Structure formats: C-alpha cells, structure tokens
Amino acid sequence: MKQKKPIITTPSSNWKKLLPTIQASEPKKTSDKKRKASDQHHGRFKRSKKTTTTQKEDGKTVTTVQSKEELWFGEDIDEKSFEQVYGKRKTSKEIKAKKKEMVQQMDAVSGDQAKIGKFVAIDCEMVGIGEDGVASALARVSLVNFHGAVLLDTFVKPLDRITDYRTFVSGVEPKHMKDAMPFKEAQQRVNDIIQDRILVGHAVHNDLQVLMLSHPPLMIRDTSKYKAFRELAAGRTPGLKKLVKEVLEIEIQSGIHSSVEDARFTMLLYRKVKEEWEKELGGRVGLKMKAMNAKLEARTLKQERQAAPKSKKQKRN
C-alpha cells in the first residue's frame, strides 16, 4: 500500500486577520485570579524576546514584530502586507523628528501649565570626587513640572574638589564651575520646590543622596521600581534609556547626558502610566495621600497670599 505524501500548506489569505493573535508557544496554565491580577498590573507592557504586545490609550491591543524574518512564513510575505498587519517600522529620521516635536512642545509651555503644580521630575548629573574620582558629587540639577516646563536647571559647585568631571557622560566641564551655584543654595532651592509635592525620577535615591535631602516615600514615583516597567527588563532594574525607547519609542542618552532631557522623559514615562499607578496606590494609602495633598494646597495658598502684596507694590512703583 502506497503511503500518502504529506500535504504542505502555505498561509491562507486570512493570515492578516489571524497574525496578531498567534502566540509563539502555549503559555503555562494559571488560575483565573492570578491571570486577572497580572493583567491589571502589567497588561499594558508585555515583554517578549521578539514580539511586543502593547495596549494603546484607546484600549486596542497592538502586536508589533521587529521584522518579518521573525515569522516562520516570513519568506512568503511582501513588505507592504507586513506593514498592513504590524505597522510600518519608524526610521531613525522619524524618531528624531518625533523627539524634536515633543521637546518643542515642552519648550513652548506657558501660563498655568508652566507653574510648579503637584508633580515635579528631577534628574542630576554627577562628577567624581576623592581618590580616583570614585565617589560622586552633585554638579548639575534639573527640575521640570508635569508638562515638562523647566523649573530649575543649574550647574552646582560641589563641596569637595572635583577629581573626575566624567564629561563623556555628565557633560560637565571646568568652565561650568566658574559661575556654578554653591551647593547649599542649590540644595535649598531644590528642597523648596519638591516640598509636599510628588517627586518623579529614575532611581531617585541617587539624586536625593547627592543633594543630601530626603523625601517622604509616599510622595516618590520612581520609574525604575514600577512593576510594569521592570517587566521590560525581566524583573531587573531597567535603564532609563531602555524604558524611553520601549515605552515612548524615543532615543535618549545617545551621547552626553542632559539632566533636563532625562527629567522630561522620566515625567513622560510617569504620565503614560499615571492613572494605573495612582489608582494602585490610592487603594492602599489613599487617606495619607489626601492629607499630603491638603498640606500642599494650604502651603500653595499661603505663598500666593504672601506674593499678592508684593506684586501690588511693584505695580504702584
């Protein structure tokens, strides 16, 4: 009896509709409770070696593949059809254009959106002090508000002698120290801005350490510790550059770092997940957060009342 030859099939014309739902392998079975909890906390950014699934603000889930070579039938797909299903990959030029537009929008912030507000993002640049420049000291500090408006950006003269400027990363040079702000003054100005406000940053403890300041843990939003972001680094602490590229599709830190740029894009990361993050915190520490918000509102109102008489005098003069 002759054996029947196996029938080899090629992808049907319906593959465009089916592709985004195909999984590379069957996942392990989990209970409904565990699956539901996982979806609530981490459903927005799902990590995969090749295929990335993200959920946009309109609720639609989009599966992206870096190249058609990742598909087992990639050789049978033309580039146009691939783009129809997974979207067109952005070129380096398009990414730079997008970044430029975002920065221009933040530079143009004015009016109420330029005020300090409730949320402040921070980033610092450090230089080396002591033997071999191993220890770190503050050399530049930048603070931006929720909309990316710059609240403070200044070079800072460390208390100790600089032994390594770390210019290739920090961008700090000897010339920047000539008119740099004294450390104590910078420390006070930063403290005045962040007091009673939610402080956003990436590995914020490093910034607070070189500033020799503390901040209530409930008022800190550290993007290096947010669970959904850590998933993108397989549970490890993700770098800011990686997060911005994965979540915002923007390239930063390609050369010398800018503390203003880093603070701005850290704030954009927070804004991307703000609703989920605050909802999760509110369920656990809602009453404490309300008390802290009330304290900030009272202090802001007091400052506005104190500033009113001064502005009237200036107008008279």
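Note that the structure is a prediction, hence the values are computed from the model and not measured. Reckoned from all heavy atoms, side chains included, excluding hydrogens, waters and symmetry mates.
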Novice: With rounding to the nearest 0.5 angstrom, report the CG to CD1 distance, L143 to I116.
Specialist: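 L143 atom CG to I116 atom CD1 measures 9.5 Å (nearest 0.5 Å).
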
Novice: Got a list of side-chain donor-acceptor pairs under 3.5 Å for residues 124-138, not counting sequence neighbours?
Specialist:
from : atom 1 : to   : atom 2 : distance (Å)
E125 : OE2    : S259 : N      : 3.3
S136 : OG     : R166 : NH1    : 3.0
S136 : OG     : R166 : NH2    : 3.3

Novice: Just to verify, what does T237 make a side-chain hydrogen bond (donor to acceptor under 3.5 Å, both in side chains) with, not counting sequence neighbours?
Specialist: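 T237: side-chain hydrogen bond (donor to acceptor under 3.5 Å, both in side chains) contacts with R230.
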
Novice: Just so I know, are the side chains of Y226 and E276 near enough to count as touching, which here means a heavy-atom distance under 4.5 Å?
Specialist: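 Side-chain contact under 4.5 Å: yes.
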
Novice: What residues form a salt bridge (Lys or Arg N to Asp or Glu O under 4.0 Å) with D164, not counting sequence neighbours?
Specialist: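 Testing D164 for salt bridge (Lys or Arg N to Asp or Glu O under 4.0 Å), a comparison that skips the adjacent residues, returns none.
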
Novice: Hey, any chance M181 and V150 share a hydrophobic cluster, counting ILVMFWY side chains that come within less than 4.5 Å of each other, even indirectly?
Specialist: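 Different clusters.
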
Novice: Taking side chain to side chain contact (heavy atoms under 4.5 Å, CB included) as the test, write out the residues that go with Q105, two or more places apart.
Specialist: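 Once residues adjacent in sequence are excluded, the partners of Q105 under the side chain to side chain contact (heavy atoms under 4.5 Å, CB included) criterion are E101.
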
Novice: Applying side chain to side chain contact (heavy atoms under 4.5 Å, CB included), run through L268 and M106 and close with a yes or a no.
Specialist: CA-CA 11 Å; L268 287 174; M106 289 185 278; 4.2 Å; yes

Novice: How long is the gap from CZ on R271 to CE on M267, to the nearest 0.5 Å?
Specialist: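 These two atoms lie 8.0 Å from each other.
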
Novice: Within the structure provided, determine whether R221 and K274 are in side-chain contact (heavy-atom separation under 4.5 Å).
Specialist: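 R221 does not reach K274 side chain to side chain.
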
Novice: So T223 and H202, do their side chains get closer than 4.5 Å, heavy atoms only?
Specialist: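 Yes. Closest side-chain heavy atoms under 4.5 Å.
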
Novice: Backbone N or O of R197 within a donor-acceptor pair of the H215 side chain at under 3.5 Å?
Specialist: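 Looks like yes, one N/O pair under 3.5 Å.
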
Novice: When clusters are formed by joining ILVMFWY residues with side-chain heavy atoms under 4.5 Å apart, either directly or through shared neighbours, do F183 and I122 land in the same one?
Specialist: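 As far as the 4.5 Å side-chain criterion goes, I122 and F183 are connected within one cluster.
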
Novice: Applying ring-ring contact (aromatic ring centres under 6.0 Å, His included), name anything that partners F155, two or more places apart in sequence or on another chain.
Specialist: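 Listed in chain order: H176.
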
Novice: Which pairs count as ring pair (Phe, Tyr, Trp, His ring centres under 6.0 Å) when at least one residue sits in residues 115-135, sequence neighbours excluded?
Specialist: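 Qualifying pairs, neighbours excluded: F119-F146, F119-Y270.
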
Novice: Which heavy-atom pair separates V172 from T167 by the least distance, and what is that distance?
Specialist: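 Shortest heavy-atom separation between V172 and T167 comes out as O-OG1, 2.7 Å.
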
Novice: Would you list the pairs meeting side chain to side chain donor-acceptor pair (under 3.5 Å) in which at least one residue belongs to residues 182-196, sequence neighbours left out?
Specialist: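 Applying side chain to side chain donor-acceptor pair (under 3.5 Å) to every pair that reaches into residues 182-196, excluding sequence neighbours, yields Q188-D192, D196-R299.
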
Novice: According to salt bridge (Lys or Arg N to Asp or Glu O under 4.0 Å), who are the partners of D160, at least two apart in sequence or on a separate chain?
Specialist: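 Scan of D160 (salt bridge (Lys or Arg N to Asp or Glu O under 4.0 Å), adjacent residues dropped) gives none.
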
Novice: Closer than 3.5 angstrom, by distance alone: can the side chain of R161 be matched with the main-chain N or O of P158 as a donor-acceptor pair?
Specialist: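 Between the backbone of P158 and the side chain of R161 there is no qualifying donor-acceptor contact (under 3.5 Å).
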
Novice: Answer yes or no: is there a side-chain heavy-atom contact under 4.5 Å between K115 and D112?
Specialist: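 Yes. Closest side-chain heavy atoms under 4.5 Å.
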
Novice: Minimum heavy-atom separation for G171 to I256, with atom names?
Specialist: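 Minimum heavy-atom separation between G171 and I256: CA-CG2, 3.2 Å.
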
Novice: When you group the ILVMFWY residues by side-chain heavy-atom contacts below 4.5 Å and let the links chain together, are I162 and L159 in the same group?
Specialist: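 Shared cluster, no.
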
Novice: Do any N or O atoms from the side chain of S170 and from the backbone of Y165 form a donor-acceptor pair under 3.5 angstrom?
Specialist: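 A pair under 3.5 Å: yes.
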
Novice: Does K99 have any salt bridge (Lys or Arg N to Asp or Glu O under 4.0 Å) partners at least two apart in sequence or in another chain, and if so, which?
Specialist: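 E261.
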
Novice: Should I252 and L248 be regarded as members of a common hydrophobic cluster, given that ILVMFWY residues are connected when their side-chain heavy atoms come within less than 4.5 Å of each other, either directly or indirectly?
Specialist: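 Looking at the clustering, L248 is in the same group as I252.
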
Novice: Run the side chain to side chain contact (heavy atoms under 4.5 Å, CB included) check on D123 and T266 step by step: do they pass?
Specialist: CA-CA 9 Å; D123 190 74; T266 300; 5.6 Å; no

Novice: Would you please test L199 and M219 for side chain to side chain contact (heavy atoms under 4.5 Å, CB included) and show each step?
Specialist: CA-CA 6 Å; L199 182 62; M219 302 296 281; 5.9 Å; no

Novice: Can you list the residues that meet the side chain to side chain contact (heavy atoms under 4.5 Å, CB included) rule with D222, with sequence neighbours excluded?
Specialist: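 Counting only residues at least two positions away or on another chain, D222 forms a side chain to side chain contact (heavy atoms under 4.5 Å, CB included) with V204, H205, I220, S224, K225.
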
Novice: For a side chain to side chain contact (heavy atoms under 4.5 Å, CB included) check, start with the C-alpha distance between I198 and K118, then their side-chain angles and the critical distance, and finish with the verdict.
Specialist: CA-CA 6 Å; I198 291 177; K118 180 180 175 183; 4.0 Å; yes

Novice: Apply salt bridge (Lys or Arg N to Asp or Glu O under 4.0 Å) to K245 and list each qualifying residue two or more places apart in sequence or on a separate chain.
Specialist: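 Salt bridge (Lys or Arg N to Asp or Glu O under 4.0 Å) check on K245 returns E251.
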
Novice: Do you know the tightest heavy-atom contact between V260 and V144?
Specialist: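 Here V260 and V144 meet closest at O-CG1, 4.5 Å.
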
Novice: When you group the ILVMFWY residues by side-chain heavy-atom contacts below 4.5 Å and let the links chain together, are L240 and I250 in the same group?
Specialist: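 Yes; L240 is reachable from I250 via cluster members.
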
Novice: With rounding to the nearest 0.5 Å, note down the distance linking CG in D207 to CG in L213.
Specialist: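 CG of L213 is found 10.5 Å from CG of D207.
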
Novice: Suppose the criterion is side chain to side chain donor-acceptor pair (under 3.5 Å): which pairs have a residue in residues 143-154, not counting sequence neighbours?
Specialist: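 Checked against side chain to side chain donor-acceptor pair (under 3.5 Å) - neighbours excluded - the pairs reaching residues 143-154 are R140-D153, S142-D153.
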
